[in-house]
Amino acid sequence: MGRLDRFPTDFIRKCMVMFKTLRADYRRHGSSLTEPAFVSLAIYRYGRWAIGLKSPALRWLANKPYALMKLLILNVTKVWIPPQVRIGADFHIIHAEGSLSIHPDVVIGDRCGVMHNVTIGTNMRSGAPVIGDDVFIGVNSCVLGPIRIGDRVRIGANTAVTTNVPSDSVVIGSPAKIYPSLPIFAAKKPAGAAAAAKPAEQKALANEG
């Protein structure tokens, strides 16, 4: 009886979370209902919600519209994000002018941006990428295999990534070359701030004297 009592509340809560997420996706993708990126992401959100339903009957019923949308719409937009993919907050499909293919086992962090003609998946064996937060993936790029992409990584256009990439790196080329240059810029800021603060400290010491 307790399960039956909780069912309407859980169902309504999940619906509200999905619509809140869809509203944010809509705004992020130009506030247009005809934007292919938003439409494709909305279908992913619906599919994700459908497979998460606890009731087998409702799950079966909810998956029927998803299968129809997958057949009629995703074959046009060419954006393939299976509902099993785990995507963090504020995911952005920057251009939906080509294909986007993501393997069901992929995990993507928060605030990631992906260009068109991108594949994120396996590399002829089991295992799929785990991608951190604030990652950008450029056009015509592939991220393949059981690898980890760190936070704040920038993957350039036409790049094939098949190895782990540490955080704060730039990856360019095929085969990919990793340039861990971003921490250098981060280190310069504190050094500059310390240099600027030094005259102020000397002035304070002189006033105390």
Sequence neighbours excluded and cut-off under 3.5 Å, please list the side-chain donor-acceptor pairs for residues 79-97, or say none.
from: D90; atom 1: OD1; to: R28; atom 2: NH2; distance (Å): 3.0

Pairs meeting criterion salt bridge (charged side-chain N to carboxylate O under 4.0 Å, His left out) with involvement of residues 34-47, two or more places apart: D25-R45
Residue pairs passing the salt bridge (charged side-chain N to carboxylate O under 4.0 Å, His left out) test where at least one lies in residues 46-67, sequence neighbours excluded: none
Partner set under side chain to side chain donor-acceptor pair (under 3.5 Å) for S32, not counting sequence neighbours: T34
Residues forming a side chain to side chain donor-acceptor pair (under 3.5 Å) with S40, sequence neighbours excluded: T77
If you measure from [atom1] on [X] to [atom2] on [Y], what distance do you get to the nearest 0.5 Å?
X	Y	atom1	atom2	result
L22	C15	CG	SG	11.0 Å
R23	S31	CZ	OG	11.5 Å
Y44	Y66	OH	OH	9.5 Å
R148	T163	CZ	OG1	14.0 Å
H29	R27	NE2	CZ	14.0 Å

Taking all non-hydrogen atoms of both residues, which atom of [X] and which atom of [Y] are closest, and how far apart?
X	Y	result
T159	G156	OG1-O, 2.9 Å
P166	I178	CD-CG2, 4.2 Å
S167	R152	CB-NH2, 4.2 Å
V161	I147	O-CD1, 3.7 Å
A62	Y46	O-OH, 2.7 Å
L72	V76	O-CG2, 3.5 Å

Is there a path of hydrophobic side-chain contacts, each under 4.5 Å between heavy atoms of I, L, V, M, F, W or Y residues, that connects [X] with [Y]?
X	Y	result
L144	V171	no
M115	I137	no
F136	V153	no
F19	L53	yes

Tabulate below the donor-acceptor pairs under 3.5 Å that side-chain atoms of residues 117-135 make, not counting sequence neighbours, or state none.
from: N117; atom 1: OD1; to: S99; atom 2: N; distance (Å): 3.1
from: N117; atom 1: ND2; to: N140; atom 2: OD1; distance (Å): 3.2
from: D133; atom 1: OD1; to: D110; atom 2: N; distance (Å): 2.8
from: D134; atom 1: OD1; to: R111; atom 2: NE; distance (Å): 2.7
from: D134; atom 1: OD2; to: R111; atom 2: NH2; distance (Å): 3.1

Candidate pair I102 and I108, rule side chain to side chain contact (heavy atoms under 4.5 Å, CB included), full reasoning: CA-CA 10 Å; I102 302 179; I108 299 175; 4.1 Å; yes
